Amino acid sequence: MLEKTYDPAAVEGRIFEKWLDEGAFAAGAGAKPGAEPFTIVIPPPNVTGSLHIGHALNNTIQDILVRYNRMLGKDVLWQPGMDHAGIATQMIVERQLMERQEPGRRDMGREKFVEKVWQWRHESGGTIMNQLKRLGASADYGRERFTMGENGAADDQMVRAVTTVFIELYKRGLIYRAKRLVNWHPGLETAISDLEVENIEVNGHMWHLRYPLADGVTYDYPIAFDVDGNPTEYETRNYLVVATTRPETMLGDTGVAVHPEDPRYQGLIGKSVMLPLVGRRIPIVGDEYADPELGSGAVKITPAHDFNDFEVGVRNALEQINIFTTSGAINDNAPEIYRGLDRFEARKRILDDLEVQGVLDHVEDKKIMVPHDEKSKQVVIEPFLTDQWWVKAEVLAEPAKASVREGRTRFVPQQYENTYFAWMDNIKPWCISRQLWWGHRIPAWYGPDGEVFVAASEEEAAKAAEDHYGRAIELRRDEDVLDTWFSSALWPFSTLGWPDETAELKRYYPTSVLVTGFDIIFFWVARMMMMGLEFQETEPFHTVYMHALVRDEKGQKMSKTKGNVIDPLQLIDEYGADATRFTLAAMAAQGRDIRLAISRVEGYRNFVTKIWNAARFLEMNECHRLEGYNPSGNQLPLNRWIVGATARAATEVTSGIEQYRFNEAASSAYDFVWGTFCDWFVEFAKPIFSGEDQEAKAETRATAAFVLDQILKLLHPFMPFVTEELWAETGKIGPSRESALVLAEWPKLEGLEDEAADNELNWLMELISSVRSVRTEMRVPAGAKLKLVAVGASSLTETRLASHEALIARLARLESITIDSQVPTSSAQFVVGEATWALPLSGVIDIGVERARLEKEVGKLEKDIAAIDKKLDNPQFVSKAPEEVIEEQKARRDTAIERRAKITAAVARLGA
RNA sequence: GGGAGUAUAGCUCAGCGGGAGAGCAUUCGCUUCACACGCGAAGGGUCACUGGUUCAAUCCCAGUUACUCCCA
């Protein structure tokens, strides 16, 4: 006997262990012979991460797809794993060393430090994998991969994959080394990706500075204008005003740009200014980058510290002078008094000095966008000129764009293709080197003259160097590591064994679908597409499903600082994994963010309990599965109806999942299970179970057990735990189960619909609902049993009444049901089908209330009829609308008129 | 500045050209032999606004307003 309520906490762990023990998640488990493969690679979570609500949604959707396809009998692989998160992991271990007051990274040296990080990875990294298990994710954990491999050794397959790709791309001229501006993190002292930079609007200033013209040059600057904007008055100036939001960078200025068409400054192009504080003579150049409308129209150019200035510098052959150290202090390229000052301290000092020297013209307040480190949002990112390794993403992007344009990879929802193209069309060279110790070390060695040798090992590099120099020579390995995403981009094939030609690679690549959030479309999709096409010649996935962002109830992004984070593990603890998953699935409408409300989770927890109790009820009534039960062989309309309804539900759930409309699949299942099976079928079955008709009882029991089986299957992808538990419980009696539910066959129900049975049961439900409704409106005490009189009943209705009398009496709380030609006096009346039904309520009925109730309905019918008449009276409608629409309108009109007549008669019968 | 999205019941959201829906909340009733995490019933909407297309618009198109996100 099942417990009264389902206790997820007591069941989930045990069920999960069982699945693992049975190898239910292993690649190919339960696959039919000759089955086609279905593959999903997990978007690798970060080894330092823990499960947040976005992961919960992402993995719930993957698991729904995986479990569904597994039940279809496909050869399913869900490949799990994590990435090594270069920066985050290194930071965690460094912080840990500090807390333990152990020697820091630089004190212990690279080798020892990396060892420490590995130790951390094995001891405390990857908690998220266990958290995914709590969610019920059915990935093939035996195949878990890590972007750094088992230990990072050169011969580890995951490391070889990265090395091979690097060397190949280098050979193909798609990787190169160059000195360019990068986004520099002065705290971590490494380059970071543009995608790790967040531009934040802050209150800043625009400082206008007077740069004195060299060689005694002067010019006339307009200071007054007529109505047409033509200058009427000039003053003679021996300086040029430039505007800047970052005055400290002036130490690195190597030019001033004005627009070549700007009449104010045209004559100054080719002349020079003397840079204040520094005393450097720098040229005035004409460049369209200078916007005459912005600021003074003249702009200082600091090629080494601004992305736009860098371009201007290249165009005009300006010098690049770096004035910062790697930690963001002023370096030796600046005048001595500023050296060693932090960049913010330097700004203050420089402003003071400029003011003293009369260089500061004026200051205005301005909202400015400042690049910040997107994780901490505290550190200001610095454009910084360094030697880095780059991938020609603009070349790799071409085939990746073609794949989507030509439909070999499609996005669901499709509108995300725009985002993809927008980014791909403007893709910039990808900086792949990072000044870290944790990561794939770049396989490049340098000779004493700076000659580069890219090779798979030190031996190979040494050999190449010997060939080059004609003698053995000492090489120095590149200190840097690769961007974590460089290795993640290989994930769809590196996890399958590449560069070795494994059976898995052959079988499971390309994968089927990538499930991810739109916020990381560039990280994942674009890079995996580029690498997949370059190294496997095939797109890594045919479908990219982009799911929504989970927000809080008010629509705000969840964040720790706002304190509005909903922890999925807490939800699982409180409501169970099934309710948590079902909520996320039910709210995952395409192209729309999810505003997660706890009340929804609670509601779906109730749904889990409801299913549990329905199963419990069946168990109590000996509804056991029957060997050889044939759902199309049912005799009773009730049973013929419910199996048909089950088939409809199965079709809806199936098509919902197939179309990535998870909310539709979930709500179809919910409506069927609660609204049809529990609310009606089970209620209808009760009198049969307690009745004497043994044949009807046997058929209904078997049908109930059959339908419950289908329900468990249909819900399994959404609620794996409770369904598996019930599958086991209901498997204890009757024919033995062929497998656990996780490997059971997805429902294939065809030819079970029966229109006659549907009509009969729909009539029955309408009749019962009508009685209940009238009872409530007439304020009949719930306990009171009424008489029901049918007037004007057809023979079909009489037959139906006869066969369902006990049932109707029970569910509508009736004392008797009779057929008469007259409506008894003092009756409440209603119409179902062709008949008028009366509930004699003498002494109870308030004629006024009853009249009002009926007249309200007449009024509603009048309105409906008028609306339909308006359509039918319109010749345009009759001539242009499709035939079936016209027929439908006519039919609706007829039934409404008929009904109106009956209710009007009922009103008349109430008398005066 | 460029791009995308969203406005439907008190709240959170479905609704894919012909009769406005769900869950939660609200109100009323219920020791109905699975379930109060329940049962039954009810109230509640100018489908943001203005035009257009169409025989017909919550739905398609254009514009307006408000909000959200992405990119600069």
Side-chain angles (χ1 to χ4, degrees), chain A residues 1-2 4-6 194-195 199 307-308 369 413 415-416 418-419 421-423 426 518-519 521-522 548-549 551-557 575-576 579 583 586-621 623 659 661 663-664 666-668 670-671 674-675 678-679 682-683 685-687 689-690 768-769 771-783 785 810-813 863-864 867-868 870-872 874-882 884-886 888-889 891-893 895-896:
Chain A
M1 177 72 180
L2 297 171
K4 195 167 168 182
T5 51
Y6 169 69
D194 346 342
L195 298 172
N199 290 303
F307 286 97
N308 291 311
M369 299 299 275
Q415 74 236 26
Y416 287 110
N418 295 333
T419 313
F421 287 128
W423 193 69
N426 291 302
F518 76 94
D519 46 334
I521 185 166
F522 314 127
L549 195 70
R551 299 168 175 283
D552 76 358
E553 212 166 340
K554 296 180 199 113
Q556 295 190 307
K557 217 166 169 173
Y575 300 102
T583 307
M587 298 188 79
Q590 280 185 13
R592 188 162 180 154
D593 284 346
I594 294 176
R595 293 193 191 190
L596 187 61
I598 298 289
S599 61
R600 291 293 290 262
V601 187
E602 199 178 303
Y604 291 122
R605 186 272 319 267
N606 297 350
F607 180 49
V608 172
T609 309
K610 185 75 182 178
I611 298 161
W612 182 262
N613 276 296
R616 184 162 170 265
F617 172 80
L618 298 195
E619 182 187 46
M620 288 167 65
N621 284 280
C623 299
Q659 295 174 68
R661 295 175 180 272
N663 59 321
E664 289 180 16
S667 69
S668 293
Y670 183 97
D671 288 347
W674 201 320
C678 293
D679 284 351
V682 167
E683 293 304 320
K686 282 178 182 174
F689 292 154
S690 57
I768 292 164
S769 294
V771 176
R772 285 171 172 172
S773 182
V774 172
R775 288 180 67 114
T776 305
E777 284 190 56
M778 293 286 100
R779 302 189 167 278
V780 176
K785 300 230 167 170
R810 177 193 168 111
L811 297 185
R813 310 207 133 201
K863 220 177 115 192
D864 286 353
I868 299 169
K870 199 179 151 197
K871 281 187 190 176
L872 289 171
N874 180 350
Q876 298 281 4
F877 174 74
V878 179
S879 62
K880 292 194 177 169
E884 63 267 24
V885 172
I886 297 172
E888 192 197 332
Q889 294 297 320
R892 277 186 51 212
R893 182 176 180 275
T895 50

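Worth saying up front: this structure is predicted, and the values here are computed from it rather than measured. Both backbone and side-chain heavy atoms feed into the values below; hydrogens, waters and symmetry mates do not. Just so we're on the same page: letters track the sequence lines, and every chain starts at 1.
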Show the distances under 3.5 angstrom between N or O atoms of the protein and N or O atoms of nucleotides 31-33 of chain B.
unit_1	atom_1	unit_2	atom_2	d
B/rU32	O4'	A/R813	NH2	2.4
B/rU32	N1	A/R813	NH2	3.3
B/rC33	N4	A/R810	NH1	3.2

Close N or O pairs between protein and nucleotides 38-41 of chain B (under 3.5 Å):
unit_1	atom_1	unit_2	atom_2	d
B/rG38	OP1	A/N606	ND2	3.1
B/rG38	O3'	A/K610	NZ	3.1
B/rC39	OP1	A/K610	NZ	2.7
B/rC39	OP1	A/W674	NE1	2.7

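- Here A/E683 pairs with A/K686 under the salt bridge (Lys or Arg N to Asp or Glu O under 4.0 Å) rule; sequence neighbours left out.
- With sequence neighbours excluded, the residues that form a side-chain contact (heavy atoms from CB on, under 4.5 Å) with A/R813 are A/R775.
- Looking at residues two or more places apart in sequence or on another chain, you find a ring pair (Phe, Tyr, Trp, His ring centres under 6.0 Å) between A/Y604 and A/F582, A/Y670.
- Residues A/P781 and A/A614 each lie close to RNA chain B; by heavy-atom proximity, the contact nearer the 5' end of the strand is made by A/P781.
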Hey, what are the protein-to-nucleotides 52-56 of chain B N/O distances that come in under 3.5 Å?
unit_1	atom_1	unit_2	atom_2	d
B/rC55	OP1	A/K880	NZ	2.5
B/rC55	O2'	A/N874	ND2	2.9

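- In this structure, the CZ atom of A/R605 is 14 Å from the C1' atom of B/rG23, given to the nearest Å.
- Scanning for side-chain contact (heavy atoms from CB on, under 4.5 Å) contacts around A/F307 gives A/L181, A/N183, A/P383, with sequence neighbours left out.
- Evaluation of the side-chain hydrogen bond (donor to acceptor under 3.5 Å, both in side chains) rule for A/T609 yields no partner, not counting sequence neighbours.
- For the side-chain contact (heavy atoms from CB on, under 4.5 Å) test, no residue two or more places apart in sequence or in another chain qualifies with A/P875.
- Nucleotides B/rC28 and B/rA66, compared at atom C1', are 38 Å apart to the nearest Å.
- In terms of the salt bridge (Lys or Arg N to Asp or Glu O under 4.0 Å) criterion, residue partners of A/R893 (sequence neighbours excluded) are, by chain and number, A/D869.
- Within the 4.0 angstrom heavy-atom criterion, base atoms lie near A/E664.
- Residue contacts shown for A/R600 include a base, since a base heavy atom lies under 4.0 Å away.
- Taking a pair as Watson-Crick or G-U wobble with both distances under 3.5 Å, the runs of three or more consecutive pairs in RNA chain B are B:1-7 with B:65-71, B:10-13 with B:21-24, B:26-30 with B:38-42, B:48-52 with B:60-64.
- Take A/E777 and apply the salt bridge (Lys or Arg N to Asp or Glu O under 4.0 Å) test, not counting sequence neighbours, and it matches no residue.
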